[in-house]
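Structure first, then comments.
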Amino acid sequence: MRIAILASGNGSNFEAIAQAVKEKKIAAEIVLLFSDHRDAYVLKRGEKFAISCESFELKEFPNKKKYETALLELLNQYRVDLVVLAGYMRIIGKELLAAYPKRIINIHPALLPDFPGLHGIKDAYEAGVSETGVTIHYVDSGVDTGPIIAQKKVSIEKNDHLADLETKIHQLEHQLYPEILAKIVNEQ
Ligand code: GAR
């Protein structure tokens with residue numbers, strides 16, 4: 001199976017997946033790493049793993065539709081089977097969704113449907129809930145909606161700072177995303 005990873009920023013989840021692929025824990029090949037930010041740190045991580053990296057930005061196109069068409073062409077060019085979002089902070093458009101039905105997966109740092117959006121960890125922390133977690137789901141046209149594949153909980157202790165919660169969530173993400181991707185790939 002040929003995987004593309006789409007990421008906007010730091011790329012720690014990309015790295016966890018790339019490492020699992022390298023260790024043959026996921027029976028797939030990462031054929032493409034795409035970032036919508038040319039200076040994203042994830043691209044440096046991609047080079048380290050000798051994975052093909054491509055990048056262009058929405059602002060380089062006259063509109064979102066043209067940006068998405070270019071992205072779809074890229075996915076076709078690399079003959080991608082499965083699209084994995086790892087901190088890709090954009091809504092996926094209709095054309096892309098139609099081209100990859102049930103083949104676009106996302107990770108979100110909260111227990112969806114609670115705390116969707118850009119700040120899942122902080123929003124849960126500030127709401128004062130006693131537990132939050134990580135969700136992996138198929139992508140649809142909404143913001144962090146779509147059928148849930150897996151969820152795991154993390155407890156928020158009274159003396160946890162936001163940074164403590166961020167660490168716990170990211171550790172869980174780096175374990176859960178490769179594990180679930182391995183299962184998905186095996187089921188294909
Ligand atoms: C991750 O925590 C991921 O769950 C989140 O962005 C972070 C990216 O970190 N995604 C969302 O919030 C999606 N709504 P990374 O770049 O280090 O992998």
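Both ligands and their constituent atoms are indexed starting at 1 by order of listing. Reckoned from all heavy atoms, side chains included, excluding hydrogens, waters and symmetry mates.
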Across all chains, not counting sequence neighbours, the side-chain hydrogen bond (donor to acceptor under 3.5 Å, both in side chains) partners of Thr167 are none

Proximal protein residues to ligand 1, non-hydrogen atoms under 4.0 angstrom
Asn10, Gly11, Ser12, Asn13, Gly87, Met89, Ile107, His108, Pro109, Gly117, Asp144, His170, Glu173

Check: Ser155/Glu131 side-chain N/O donor and acceptor closer than 3.5 Å:
no

Which residue pairs satisfy the ring-ring contact (aromatic ring centres under 6.0 Å, His included) criterion with at least one member in residues 133-183, sequence neighbours excluded?
none

Go through the structure and list residues passing ring pair (Phe, Tyr, Trp, His ring centres under 6.0 Å) with Tyr125, not counting sequence neighbours.
none

To the nearest 0.5 Å, what is the distance between CG (Leu43) and CZ (Phe34)?
9.0 Å

Any sub-3.5 Å donor-acceptor pair from Ser52's side-chain atoms to Leu32's backbone N or O?
no

